[in-house]
Structure formats: C-alpha cells, structure tokens
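Here is the structure we will look at.
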Amino acid sequence: MAKITFIQHDGKEISVNGVPGMTVMETAVKNQVQGIDADCGGACACATCHVYVEPEWVEKTGSRNPMEADMLDFAFDVKDNSRLSCQIKVTDALDGLRVKVPEKQF
C-alpha cells in the first residue's frame, strides 16, 4: 500500500491508501476524492483527473507521455508539475505522495 494525500483547493487534505498497480486516479475515484472527475475512466482522453504533483514527487512520478501532454492542453491552469492522475501508476515507491487538486476541472 502507498499512502497518497490529495490536497483540495481550499487546503483540506485527504489521505488514502493506494494499491500498487492501480492509478492515482483510480485511487481517488475509489475513495471519492472530490475534484477528481475522471470522465473518461482513465483512458487519457480528457483532463478531468488533472493534479499538481508536489515538487519533491515530480521525479518519482515520471514524466508525461506525448498523449498526456496533449490532453493537458484541455486542463485548467496547467503548470510544470501538472499531471493526469490516470497516468501515474501507484507503486510502493510512491508511499507518501502528495498531489494538489486544481480549483476546477474541464
């Protein structure tokens, strides 16, 4: 299990356990984390699971693939640490991961 903390736009933190092999998006949906809409169900065909990876976790979560980068063009307020949570696989190495949920999803 990997503990993942979702930080809401208002600063409220929600910590949940992620199962290795699932994605951060699937973990959020399973635990009813507000702000992660996941309209496409994890197919990397929308940007409604957009998160900001905390700086100390950017390298550990990997880099964006080209399809993810294209989909982020549809996200709200994209930053250098923006990722689609459906593209981040939960591993034991991500235990303690912290991501911020944007103010809104498109």
For Asp70, which residues count as a side chain to side chain donor-acceptor pair (under 3.5 Å) partner, sequence neighbours excluded? none
Kindly determine whether Ile4 and Asn17 satisfy side-chain contact (heavy atoms from CB on, under 4.5 Å), including the steps that lead there. CA-CA 6 Å; Ile4 301 170; Asn17 290 318; over 6 Å; no
Please list all pairs meeting ring pair (Phe, Tyr, Trp, His ring centres under 6.0 Å) that have one or both residues in residues 27-47, counting only residues at least two apart or in different chains. none
With sequence neighbours excluded, what pairs up with Val29 under the side chain to side chain contact (heavy atoms under 4.5 Å, CB included) test? Met25, Ala38
Sub-3.5 Å donor-acceptor pair from the side chain of Asp95 to the main-chain atoms of Lys3, do we have one? yes
Who are the side chain to side chain donor-acceptor pair (under 3.5 Å) partners of Ser15, not counting sequence neighbours? Thr5
Between Thr23 and Lys89 (side chain of the first, backbone of the second, donor and acceptor by atom type, cut-off under 3.5 Å), is there such a pair? no
What are the two closest heavy atoms between Trp57 and Ala93, and how far apart are they? CZ3-O, 3.6 Å
For Cys44, what residues pass the side chain to side chain contact (heavy atoms under 4.5 Å, CB included) criterion, not counting sequence neighbours? Met67, Glu68, Met71, Leu84, Cys86, Gln87
Would you confirm whether Arg83, through its side chain, and Val58, through its main-chain N or O, come within 3.5 Å as a donor-acceptor pair? no
So does Val33 get a backbone contact from the side chain of Asn31, meaning a donor-acceptor N/O pair under 3.5 Å? no
Review item, side-chain donor-acceptor pairs of residues 97-106, under 3.5 Å, at least two apart:
from   : atom 1 : to    : atom 2 : distance (Å)
Arg98  : NH1    : Glu13 : OE1    : 3.2
Arg98  : NH2    : Glu13 : OE2    : 2.8
Gln105 : OE1    : His50 : N      : 3.4
Gln105 : NE2    : Gly35 : O      : 2.9
Gln105 : NE2    : His50 : O      : 3.0

